[in-house]
Protein chains: 2
Amino acid sequence: MTGDGTKRGRGRPKSLSRQEVIDLAMNAYWREGPAEVSLNSICQRAGVAKPSLYREFGDEDGLTAAVLQAYADAVLSQVLRIVTGPESFDQKVEDLIRYASEDALSDNGCLYVKMQAATHRFGEKTQALIAAIDAGAEEAYAALLTDARRTGHAPESIPTRLGARYMMSQITLALVLRAAGEEPLLVRDLLTLALSVFPSDKQDRH
Amino acid sequence: MTGDGTKRGRGRPKSLSRQEVIDLAMNAYWREGPAEVSLNSICQRAGVAKPSLYREFGDEDGLTAAVLQAYADAVLSQVLRIVTGPESFDQKVEDLIRYASEDALSDNGCLYVKMQAATHRFGEKTQALIAAIDAGAEEAYAALLTDARRTGHAPESIPTRLGARYMMSQITLALVLRAAGEEPLLVRDLLTLALSVFPSDKQDRH
DNA sequence: ACAATTTGTTACCAATAGGTACGAAAAAGT
DNA sequence: ACTTTTTCGTACCTATTGGTAACAAATTGT
């Protein structure tokens, strides 16, 4: 009924929609925290039997990894697009601040920071995926900072690697605060203040 | 054997040392994360029977609250003493940075930030305690910023409440990074950069 | 019609969670 | 010696966890 229509092979047609389960699990992980949502409860809410889930995802690690992957594809890619885009440094900073404090974030949620904060709870696949996403993000931020150095937005007092880690951790902090229910406007001001260590074009750069 | 020596009353002398259990639980919570340490395992490691624990702490919520309280008394009070002390703003900032990046933190651990990040997992008492500690910290930081405003370390572009929340979240961020196993020197540099938005006496203040 | 194949579902498993009933043990008061 | 009081500890409870065996159902290929 809900299976995708790719020419199906031989057996019984599947009624389990992989995407539906992932979306449901993603939402549950986000709202209640990954540690509080059991595989059993996911089956219950999705209205599917446990062995169906296990056939689709292998084990719990497979499910969490699939959810995180879907989240990375849907949400984290937006951040990466901002960071690696062709805009000016000032514009990127502005976009990042706006993204981290926008209201829509409450619905999507920043699941990644929640999973990152509880890495040890997950299996090998999920941990490896978290590490990979982390590495990719750090690389992107490093490129951003290298570029900022050329345009004079990153002074010599801020080494490239330090600046990259700084931006990354500040963005993460903003998302964590949002995840904790903090007001978007306050988060916006906090992040703006944190990123003000990078001189913008509008400020006088002595 | 290990009970404290206050004139004991009538019944069988207790062999359970409240402080020993708290210390052991505190260490376990810190190293493995509060979500991964069960009450059963604490009993096992401490070598005490479960009913003994329940008589002493009531329930799991009572234990986690007692551990957090002990942690607040032992560790968090140090941060508060720095913030509310009589030193200059510059000196306080320096002390905070040094504290957050010192090596000894790895042993003590910053349990608070771990429990704060997983608030929903705990019972009412523990949650209330977390909220109380949070409120106290914010108040102290607000006082610090009010003082900084007088001495010119907090420019008008940074409202008092924003500045207080900023300092608090940056300190917390540093402790979280330490908890995640980040190198002390990197954390030190990150925190130094973040707090450089407050002009120090050594910098020229236009 | 019948075998092959794939999915779904019921019912179960061992392990562990937080929590407790109850009797044995050890002290003090009488 | 005997009762009282307090703590200890074995053995148990129910609920839930991640995970699976085995069988029923539904489809395609022959």
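Proteins come first, then strands; the chains are lettered A, B, ... in the order of their sequence lines, and each starts at number 1. FYI, side chains are in, hydrogens and waters are out, and symmetry mates aren't considered; it's all heavy atoms of this structure.
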**Student:** For Asp59(B) and Lys125(B), run salt bridge (Lys or Arg N to Asp or Glu O under 4.0 Å): C-alpha distance rounded to whole Å, both residues' side-chain angles, the deciding distance at 0.1 Å, then the answer.
**Tutor:** CA-CA 11 Å; Asp59(B) 54 4; Lys125(B) 293 177 235 168; 3.4 Å; yes

**Student:** How many angstroms lie between CD1 in Ile171(A) and CG in Leu96(A), if you round to the nearest 0.5 Å?
**Tutor:** 4.5 Å

**Student:** Provide, to the nearest angstrom, the distance between the CG atom belonging to Asn40(B) and the C1' atom belonging to dG9(D).
**Tutor:** 14 Å

**Student:** What are the 5'-most and 3'-most nucleotides of DNA chain C lying under 4.0 Å from any heavy atom of chain A?
**Tutor:** dA4(C) to dT10(C)

**Student:** So which one's nearest nucleotide on DNA chain D is more toward 5', Pro51(A) or Glu36(A)?
**Tutor:** Glu36(A)

**Student:** Could you verify whether a donor N or O on one side chain and an acceptor N or O on the other, from Gln91(B) and Asp95(B), lie under 3.5 Å apart?
**Tutor:** yes

**Student:** Please report the interatomic distance CD(Gln170(A)) to CZ(Arg165(A)), rounded to the nearest 0.5 Å.
**Tutor:** 11.5 Å

**Student:** Just how far, in rounded Å, is P of dG9(D) from CD of Glu56(B)?
**Tutor:** 14 Å

**Student:** Is it the case that more than 12 heavy atoms not belonging to Glu36(B) sit under 6.0 Å from its CD atom?
**Tutor:** yes

**Student:** For the pair Thr64(A) and Thr126(A), evaluate side-chain hydrogen bond (donor to acceptor under 3.5 Å, both in side chains) and give the outcome as yes or no after the intermediate values.
**Tutor:** CA-CA 6 Å; Thr64(A) 53; Thr126(A) 307; 2.6 Å; yes

**Student:** From C-beta outward on Tyr54(A), which listed nucleotide comes closest to its side chain: dG29(D), dA26(D), dG19(D)?
**Tutor:** dG19(D)

**Student:** Measure the shortest side-chain to side-chain distance between Val75(A) and Tyr99(A) over non-hydrogen atoms and say whether it is less than 4.5 angstrom.
**Tutor:** yes

**Student:** Could you state the CZ-P distance from Arg18(B) to dT6(D), rounded to the nearest angstrom?
**Tutor:** 18 Å

**Student:** Begin with the C-alpha distance, continue with both residues' side-chain angles, and end with the deciding distance and a verdict on side-chain hydrogen bond (donor to acceptor under 3.5 Å, both in side chains) for Gln19(B) and Asp23(B).
**Tutor:** CA-CA 6 Å; Gln19(B) 199 54 47; Asp23(B) 287 348; 3.3 Å; yes

**Student:** At what angle, to 10 degrees, do the two end axes of the helix from dA1(C)-dT30(D) to dT30(C)-dA1(D) meet, given five pairs define each axis?
**Tutor:** 20°

**Student:** Less than 4.0 angstrom between a side-chain N/O of Ser52(B) and OP1 or OP2 of dC8(D), yes or no?
**Tutor:** yes

**Student:** Reading DNA chain C from 5' onward, which residue's closest nucleotide shows up sooner: Ser41(B) or Arg55(B)?
**Tutor:** Ser41(B)

**Student:** Decide yes or no on salt bridge (Lys or Arg N to Asp or Glu O under 4.0 Å) for Glu56(A) and Lys14(A), but give the supporting numbers first.
**Tutor:** CA-CA 11 Å; Glu56(A) 184 70 33; Lys14(A) 59 162 56 178; 2.9 Å; yes

**Student:** Without decimals, in angstroms, what is the distance between Leu16(A) CG and dA25(D) C1'?
**Tutor:** 16 Å

**Student:** Mapping Arg12(A) and Leu39(B) onto DNA chain C by nearest heavy atom, which one lands closer to the 5' end?
**Tutor:** Arg12(A)

